[in-house]
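First the structure, in the form of structure tokens, and then the observations on it.
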Amino acid sequence: MIKIDLLPEESERAKKGFGLPDNLIVTVCYAAIAAAVSLNFILWAALIFKNVQYRQYWAAFSDLKPQMEKADILRTDIRDAEANRNTIRQLTASRLIWARKLSKVSEYLPRGMWLTNLVFNDGKLNLIGNVISEKGQDAGLIRAFLNQLAGDRYFSEGLSALELDSITKKEIKGFEASEFVISGEADAKK
């Protein structure tokens, strides 16, 4: 039998798959499929590994969460303590030194004069007292006392507008006395 091929050579080449042997094409296809499957397995393994890592990190985070909450509470407490400390420093720096002021009041208080009330409220100081003098010099003693206090730098520090508000005559156990009120204002900067 004679085989006659009437087709041109070009179609013969197309039949053979670009001039490559059939088994080579099949091998390349199998290799491509094997590579895709291998890549799929590698990606799945990486995904499983990352999932395990994620769960480990989440477990570690869950273990640390109560400690982080305690740390946040401590941070808040520290901030509050620092704010309180700063407030105390400001108050300490701007406070009136009462021990020294009271010592000066006691030092300048003349014989026959005594205080019945000392009030410091809302930045206002009131010294209320009585005086008895032998020769009716009550007003002079009160003025001298006021001038000594106003002239003393330790007493007047932090205070302004120290003045005599009133003098009232009254009788105390049969003696004529004068009740006085001296007032002052705390400085605005203090």
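Start at 1 with the first residue, then count along the sequence. On a predicted model such as this, the values are computed, not experimentally measured, just so you know.
Hydrophobic clustering keeps V105 apart from V119 (ILVMFWY residues linked when any side-chain heavy atoms are closer than 4.5 Å, directly or through intermediates). Linking Ile, Leu, Val, Met, Phe, Trp and Tyr residues whenever their side-chain heavy atoms come within less than 4.5 Å leaves V181 and Y108 in two separate clusters. F120 and F180 end up in the same hydrophobic cluster when Ile, Leu, Val, Met, Phe, Trp and Tyr side chains are linked at under 4.5 Å. Linking Ile, Leu, Val, Met, Phe, Trp and Tyr whenever their side-chain heavy atoms come within less than 4.5 Å puts L164 and L125 in one cluster. Note: the hydrophobic cluster containing F175 also contains W114 (ILVMFWY, side chain heavy atoms under 4.5 Å, direct or indirect links).
Just one of N130, I172, I167 meets the side chain to side chain contact (heavy atoms under 4.5 Å, CB included) condition when paired with E179; it is N130.
If you take CZ on R89 and CD on E82, they are separated by 9.5 Å, rounding to the nearest 0.5 Å. R75 contributes atom CZ, which lies 5.0 Å from atom CG of D72 (distance to the nearest 0.5 angstrom). Distance check, rounded to the nearest 0.5 Å: CZ of F61 to OH of Y54 gives 10.0 Å. Taking OG of S178 as the start and NZ of K170 as the end, the distance is 10.0 Å to the nearest 0.5 Å. Rounding to the nearest 0.5 Å places CG of N51 at 10.5 Å from CD of Q56. In this structure, D80 CG and N84 CG are separated by 6.5 Å, a value rounded to the nearest 0.5 Å.
With hydrogens and angles disregarded, a donor-acceptor distance shorter than 3.5 Å links the side chain of S38 to the backbone of A34. In this structure a side-chain-to-backbone donor-acceptor pair under 3.5 Å is missing from D152 to Q148. Put simply, the side chain of K101 gets close to the backbone of Y154: a donor and an acceptor are under 3.5 Å apart.
Within the 4.5 Å cutoff, the side chain of M113 has heavy atoms near those of the L141 side chain. The shortest distance between side-chain heavy atoms of N117 and L127 does not fall below 4.5 Å.
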*asked:* I'd like to know whether Q67 forms a side-chain contact (heavy atoms from CB on, under 4.5 Å) with K70, so could you lay out the CA-CA distance, the side-chain angles of the two residues, the decisive distance to 0.1 Å, and finally the verdict.
replied: CA-CA 5 Å; Q67 293 174 356; K70 287 179 184 177; 5.5 Å; no

*Could you please spell out the steps behind the side-chain contact (heavy atoms from CB on, under 4.5 Å) verdict for L118 and I128?*
CA-CA 6 Å; L118 185 139; I128 303 167; over 6 Å; no

_Between I142 and V131, does the side-chain contact (heavy atoms from CB on, under 4.5 Å) criterion hold? Intermediate values first, please._
CA-CA 8 Å; I142 295 169; V131 65; 3.7 Å; yes

*May I have the step-by-step check of side-chain contact (heavy atoms from CB on, under 4.5 Å) for D77 and I73, ending in yes or no?*
CA-CA 6 Å; D77 289 348; I73 291 170; 3.9 Å; yes

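Taking each heavy atom of I182 and F145 in turn, the nearest pair found is CD1-CD2, 3.8 Å. Of all the heavy atoms in T27 and N23, the pair that sits closest is OG1-O, 2.6 Å. The shortest non-hydrogen separation linking E171 to G174 is OE2-CA, 3.5 Å. In terms of heavy-atom proximity, G184 sits nearest to L162 at CA-CD1, 4.0 Å.
Within 6.0 Å of CZ in R85 there are more than 12 heavy atoms belonging to other residues, nucleotides or ligands.
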